[in-house]
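Take a look at the structure set out below.
Order of appearance sets the numbers: ligands from 1, and atoms from 1 within every ligand.
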Amino acid sequence: MRLQLGKVETYIHEKIETEKLHFVLLDPDDVTPEEAARIAKMSEEIGVDAIMIGGSTGAEGDVLDGVVRAIKESSSLPTILFPGSHGGISRYADSIFFMSLLNSTNPFFITGSQALGAFTVKRYGIEPIPMAYLIVEPGETVGWIGDAKPIPRHKPKIAAAYALAGQYLGMRMVYLEAGSGAPQPVPPEMIALVKRVIDVPLIVGGGIRSAEQARAAVRAGADIIVTGTAIEKAGSLEKAREKLVELNRGIKG
Ligand code: 1GP
């Protein structure tokens, strides 16, 4: 059977031909459906490219479904699940980063949870986007939960080796993750080396709070920037809008 990319993956590929992309991550454990709906609507108005939904703890079941449905009702941006495990699947989403935490020390996060979730993804008809997920120091909650051996910040070559291995294993995107709320984002030198080595789109997230940090990541070679905490924890919807505009400007130039 010939491989055909799904709608969301095709949309991503077409867009990155001409611009850097900005994905906003909403964690259903941190936002109500109403807040998620408002942020998604604002994101679309401001020029964000997709909404990711997920988290390491509590982003499951009714809580997850409620947030995904609210986002779908308030915006037409593609929704991409970003699951902490097979519990993070919602039938209401368009697509899912079908990810393997390649530098986990626990096979559950490399292939186990994926096997437990695969039939659910198929049954619901959610578009899977195979992705290599790499945790960089400090790794924060996801590093701890995911039993990761975080890649040292001053060892870009390790990140590049894992990223290339992910591509050779057939993964069609690579995500460098410093961890949600990380004090510092992934170092630009690491982004640059990974970008030089791989051919698939490079996603970078974790700890990106300012236009300068976002700009440094895209200049180093990131194709897609993910921001979550800076928007979710802005304090008010007005401040969240300002932050979204600032970050989007840093990414889109
Ligand atoms: C976390 O990379 C994402 O998985 C986003 O991180 O919440 O720090 O923006 P922040």
Show, in sequence, the C-alpha distance, side-chain angles and deciding distance for S113 and S85, and conclude whether the side chain to side chain donor-acceptor pair (under 3.5 Å) test is met. CA-CA 6 Å; S113 191; S85 74; 4.5 Å; no
Test side chain to side chain donor-acceptor pair (under 3.5 Å) on H22 and T227; report intermediate values, then the result. CA-CA 8 Å; H22 182 192; T227 64; 2.8 Å; yes
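- For G206, the heavy-atom gap to ligand 1 drops under 4.0 angstrom.
- Considering F82, Y133, Y175 only, the shortest heavy-atom separation from atom 3 (C) of ligand 1 involves Y175.
- For atom 8 (O) of ligand 1, the candidate residues are A182, G228, G181; the nearest heavy-atom contact is made by G181.
- Near T227, with a cut-off below 4.0 Å to any heavy atom, the atoms of ligand 1 are 9 (O).
- A ring-centre distance under 6.0 Å is found for F82 and Y175.
- Residue-ligand proximity, G205 to ligand 1, at heavy-atom distances under 4.0 Å covers atoms 2 (O).
- Looking at ligand 1, you'll find an N or O of E177 within less than 3.5 Å of one of its N or O atoms.
- Under a cut-off of 6.0 angstrom, the local environment of NZ in K252 is crowded, with over 12 non-hydrogen atoms contributed by other residues, nucleotides or ligands.
- Under a 4.0 Å criterion applied to the non-hydrogen atoms of T229, ligand 1 contributes the atoms 7 (O), 8 (O), 9 (O), 10 (P).
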Give the C-alpha distance, both sets of side-chain angles, the deciding distance and a yes or no for salt bridge (charged side-chain N to carboxylate O under 4.0 Å, His left out) between K7 and E127. CA-CA 8 Å; K7 261 167 93 168; E127 175 190 337; over 6 Å; no
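- Counting heavy-atom neighbours within 6.0 Å of K15 NZ, excluding the residue itself, gives a total above 12.
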